[in-house]
Amino acid sequence: MVLFDVSTSTVGDFLFAREALRAFVDQLLPADRIRLGSFGGEVAISPILTEDKAVLRRIIQEALWPRNGAGTALWSGLRSGMAAVATEQGRRVLVVFSDGDDACPAELYQRRPPVTDRAEVFRSSTTSLTKILCSTRLEVETQTVRDEVMVYALGVPRHLSSLLTEITDVSGGGFIRLQRTDDIRAVTGKVIEELHHQYLLGFVPTVLDGKIHDLEVRMKSGGLTARVRRHYTAPIGR
């Protein structure tokens, strides 16, 4: 799932950001299937999930344009994106092209009282998203754990919210802050290479309670850091 920031704050950098997205799509491998979506004052998700690069280029050219009106529904966009691929088999990755923070517009979305208990979020979360509600960072983080989704973010080209980069870290993903002086194709190619060269580690949980637990992977060699998910959801034992 690839999400593209079309909020009004991206207007000055829009063509650069869209060129980075094109470069990303052009370097996909034949078996990669992508669904595109956008977020700004509202969230829009394409119904098309495809490996056809011609179709993806057409969506980028025709549908991804800055939207009028204030607001950046970042967390609602991430939850909608994950919900859109929740039933897909195989590894699910959410790639986000954005330049800033969440600023869910109150005039379009209903705000809820904040929830600070992860267990409460986990119990109440579903794979569908009520679009009239502003989502929170905690809800997004909890959903990445429950649905085993890796988040990778590209800042285009200003900055990335520290809260968004924390989610990439928790989910085992990564982030890059693109600069106008960068070789866009080389940088986006590096992201694709990382997504295709990863280890799969498995283990049997000692507690089968259906709850979220912390996860830590240590490296034997010094100077190395494992980029892994920080939590997992245990199955329910019989």
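All values below come from the heavy atoms of this structure, side chains included, with hydrogens, waters and symmetry mates left out.
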Exercise. Decide yes or no on side-chain contact (heavy atoms from CB on, under 4.5 Å) for L78 and Q143, but give the supporting numbers first.
Key: CA-CA 10 Å; L78 266 63; Q143 189 169 345; over 6 Å; no
Any heavy-atom pair between the side chains of [Y] and [X] that's under 4.5 Å?
X    : Y    : result
I45  : L3   : yes
D214 : E216 : no
V145 : T142 : no
E166 : E141 : no
L56  : T50  : yes
R229 : E148 : yes
F39  : T72  : yes
M150 : L195 : yes

Quiz item: Under 3.5 Å, is there a donor-acceptor pair linking the side chains of S161 and D102?
Solution: no
Quiz item: Could K53 and D26 be called an ion pair, given the rule that one side-chain N must be under 4.0 Å from one carboxylate O?
Solution: no
Quiz prompt | Identified side-chain contact (heavy atoms from CB on, under 4.5 Å) partner of I167 from the options V151, L138, L94 | solution = V151
Quiz prompt | side-chain contact (heavy atoms from CB on, under 4.5 Å) evaluation trace for L164 with W75 | solution = CA-CA 9 Å; L164 178 56; W75 304 136; 4.2 Å; yes
For the student: nearest non-hydrogen atoms of [X] and [Y], plus distance:
X    : Y    : result
S98  : L160 : O-CD2, 3.8 Å
M1   : A84  : SD-CB, 4.3 Å
E139 : T136 : OE1-N, 2.9 Å
V6   : G40  : CG2-N, 4.2 Å

Membership question, hydrophobic clusters at under 4.5 Å side-chain separation (ILVMFWY): are [Y] and [X] in the same one?
X    : Y    : answer
V228 : I212 : no
F24  : I48  : yes
I59  : L15  : yes
L29  : L21  : no

Exercise. Using salt bridge (charged side-chain N to carboxylate O under 4.0 Å, His left out) as the criterion, list what pairs up with E88, not counting sequence neighbours.
Key: R33
Quiz prompt | Qualifying residues under salt bridge (charged side-chain N to carboxylate O under 4.0 Å, His left out), relative to E62, sequence neighbours excluded | solution = none
Output yes when a side-chain donor or acceptor of [X] lies under 3.5 Å from a complementary backbone atom of [Y], and no otherwise.
X    : Y    : value
D182 : I184 : no
D147 : V149 : no
D13  : T10  : no

Self-check item: R180 CZ: over 12 foreign heavy atoms closer than 6.0 Å
Solution: yes
Quiz item: What pairs with R22 under side chain to side chain contact (heavy atoms under 4.5 Å, CB included), at least two apart in sequence or on another chain?
Solution: R18, E19, I60, Q61
ILVMFWY cluster membership beyond [X] - transitive side-chain contacts under 4.5 angstrom:
X    : value
L49  : none
L224 : M219
L215 : F203, Y232

Quiz item: Aromatic rings F97 and F4: how do their planes relate, parallel, tilted or perpendicular, breaks at 30° and 60°?
Solution: tilted
Quiz prompt | Value rounded to 0.5 Å, distance of CG in L74 from CG in L163 | solution = 9.0 Å
Practice problem: Please round to the nearest 0.5 Å and tell me the distance separating atom CZ of R185 and atom CD1 of I192. | Solution: 8.5 Å
Quiz item: Yes or no on side-chain contact (heavy atoms from CB on, under 4.5 Å) for V140 and R79, after CA distance, side-chain angles and deciding distance?
Solution: CA-CA 6 Å; V140 171; R79 289 200 74 199; 3.6 Å; yes
Quiz item: Between T168 and T165, is a side-chain contact (heavy atoms from CB on, under 4.5 Å) present by the stated rule, with each step listed?
Solution: CA-CA 5 Å; T168 67; T165 57; 4.3 Å; yes
